[in-house]
There are 2 protein chains.
Amino acid sequence: MPAVSDCINMLDSETKAVETPEDHAEELRLWLRLLTCTTLIEGEVRGRLRQRFDVTLPRFDLMAQLDKAPDGMTLSDVSKRMMVSNGNVTGLVERLVESGHLDRRTSETDRRVQVIRLTKLGRAEFRRMAAEHETWIADLFADLTPKDVRELMRLLAKTKASAQKSAGRRRP
Amino acid sequence: MPAVSDCINMLDSETKAVETPEDHAEELRLWLRLLTCTTLIEGEVRGRLRQRFDVTLPRFDLMAQLDKAPDGMTLSDVSKRMMVSNGNVTGLVERLVESGHLDRRTSETDRRVQVIRLTKLGRAEFRRMAAEHETWIADLFADLTPKDVRELMRLLAKTKASAQKSAGRRRP
DNA sequence: CCGAATTGCTTTAAGCCTAAAATGTTTCCC
DNA sequence: GGGAAACATTTTAGGCTTAAAGCAATTCGG
């Protein structure tokens with residue numbers, strides 16, 4: 001219950017109360033736990049991909065994006081989807097074209113645009129890796145009940161929306 | 001409800017049913033959403049740290065670990081806590097010693113061990129950054145109710161335990 | 001004791017990643 | 001049409017990250 005003096009402060013604030021020096025320790029702990037979970041799982045997946053298939057996680061992620069887009073994607077599309085910088089994608093694609101997993105061609109209608117696709121080899125290898133990858137994920141989350149999974153999905157969707165809104169406030 | 005043939009299969013499996021080619025699509029979607037949330041927030045924090053304080057996220061994370069350990073930590077401790085490789089810490093520490101934020105000395109009792117601490121400057125700068133950092137996190141999670149936060153904490157704790165168990169099965 | 005593991009850290013080689021600047025292309029609009 | 005703005009990508013410079021190999025120092029077992 002805010003004190004009267006706080007209510008006065010709240011008036012000249014925009015959307016959120018100024019509030020007395022509040023701690024937000026809970027949110028901080030939540031963020032650290034979220035980060036820990038992701039780092040843990042990501043490290044495990046990275047290691048398994050390397051050991052079983054001698055492939056890096058970024059390469060796998062890029063191929064996963066392309067597997068869902070049979071007609072190919074532009075580098076910008078990939079960059080947005082993967083939430084990484086443009087320059088990053090350039091190098092990643094370079095190496096995957098080199099190894100024969102990707103096909104890259106300049107768009108006929110817009111010469112700025114590069115369209116990339118999985119090659120036959122790339123698709124076959126990705127499918128093989130993805131099948132096993134799915135079992136790893138299932139195993140990593142094995143102790144969660146279906147209800148836990150649903151609830152986490154819901155709360156993470158809410159988290160994502162909240163974070164996007166906050167990021168948008170800063171970068172409109 | 002598993003079919004009879006599945007139950008037979010379940011008998012010769014260890015802890016978890018073999019089950020017919022199961023899809024696990026829900027767990028996969030959960031993992032991708034978890035990753036998206038983390039990437040989104042991490043990117044936002046990284047950008048703000050750079051713009052406001054001209055500091056990188058890994059440097060900030062390292063300083064955060066040391067702020068909680070007034071008597072210092074060994075590089076191994078830091079490596080475990082941050083869940084990054086040893087070699088990574090070596091370089092990170094090198095740069096932070098160089099910039100005057102960290103103090104590094106060899107342990108008196110075990111000459112293999114390097115103990116690092118925040119310098120006065122390092123601690124002061126970290127505290128300044130951490131205060132603002134906490135408000136960013138609060139803002140990014142602003143749409144979650146206290147109940148949401150509690151529930152997420154609980155489910156992520158369960159997720160972490162599940163993933164650790166799974167990782168441990170592979171690397172005992 | 002003393003050699004064999006183990007431990008703590010660093011080095012190496014390769015790749016990932018970002019922000020910012022640069023380059024070439026297209027679109028917009030006057 | 002012609003210049004300005006917007007766009008897609010690449011380049012650049014620097015830092016982060018990992019796995020694996022290497023080097024000391026310590027501990028352990030006989």
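Letters go in sequence order (proteins before strands), and every chain restarts at 1.
Within 4.0 Å of A:Asn88, counting heavy atoms only, lies at least one base atom of the nucleic acid. Heavy atoms of A:Thr56 sit under 4.0 angstrom from primed sugar atoms or phosphate atoms, though from no base atom. The residue A:Thr74 sits close only to the backbone: its heavy atoms come under 4.0 Å of sugar-phosphate atoms, none of a base. Within 4.0 Å of A:Ser85, counting heavy atoms only, lies at least one base atom of the nucleic acid.
Nearest-nucleotide assignment on DNA chain D puts the 5′-proximal partner with A:Asn86, out of B:Met82 and A:Asn86. Mapping A:Arg59 and A:Arg111 onto DNA chain C by nearest heavy atom places A:Arg59 at the nucleotide closer to the 5' end. Nearer to the 5' terminus of DNA chain C, by closest-nucleotide assignment, is the contact made by B:Val115 (compared with the other of B:Val115 and A:Gly87).
Under 3.5 Å, the side chain of B:Arg112 and the base of C:dT7 form at least one donor-acceptor pair of N or O atoms.
Rounded to an integer number of Å, the gap from A:Asp77 CG to D:dT9 C1' is 13 Å. Whole-Å rounding puts the B:Leu49 CG to C:dA19 P distance at 12 Å. Regarding B:Arg46, its CZ atom lies at a distance of 14 Å from the C1' atom of D:dG14, rounded to whole Å. In this entry the distance linking CG of A:Asp54 with P of D:dT18 reads 18 Å, nearest Å. Note: CD1 (A:Ile116) to C1' (D:dT9) measures 12 Å, nearest angstrom. If you take CD of B:Gln114 and P of D:dA24, they are 14 Å apart, rounded to a whole angstrom. The CE atom of B:Met83 sits 10 Å away from the P atom of D:dT18 (whole-angstrom rounding). In this structure, A:Leu62 atom CG and C:dC17 atom C1' are separated by 14 Å, rounded to whole Å.
Counting heavy atoms from C-beta on, the side chains of B:Leu34 and A:Phe141 come closer than 4.5 Å. The shortest side-chain heavy-atom distance between A:Gln114 and A:Thr90 does not fall under the 4.5 Å cut-off.
Using a 4.0 Å cut-off between a side-chain N of Lys or Arg and a carboxylate O of Asp or Glu, A:Arg170 and B:Asp139 do not qualify as a salt bridge. Looking at B:Asp143 and A:Lys158, no side-chain N of the basic residue comes within less than 4.0 Å of a carboxylate O on the acidic one, giving no salt bridge. A salt bridge does not link A:Glu132 with A:Arg128: every distance from a Lys NZ or Arg NE/NH1/NH2 to an Asp or Glu carboxylate oxygen is 4.0 Å or more. The pair A:Arg95-A:Glu98 does not meet the salt-bridge criterion, since no charged nitrogen lies less than 4.0 angstrom from a carboxylate oxygen. Taking the charged nitrogens against the carboxylate oxygens, A:Glu42 and A:Arg46 do have a contact shorter than 4.0 Å, which makes a salt bridge.
Between B:Phe60 and B:Phe53, a ring centre-to-centre spacing not shorter than 6.0 Å is recorded.
OP1 or OP2 of C:dA20 sits under 4.0 Å from a side-chain N or O of B:Arg50. Close to C:dC9, at under 4.0 Å from its OP1 or OP2, lies a side-chain N or O of B:Ser76.
Proximity of residues 90-108 of chain A to DNA chain C (heavy atom under 4.0 angstrom from any strand atom) is restricted to A:Leu92, A:Arg95.
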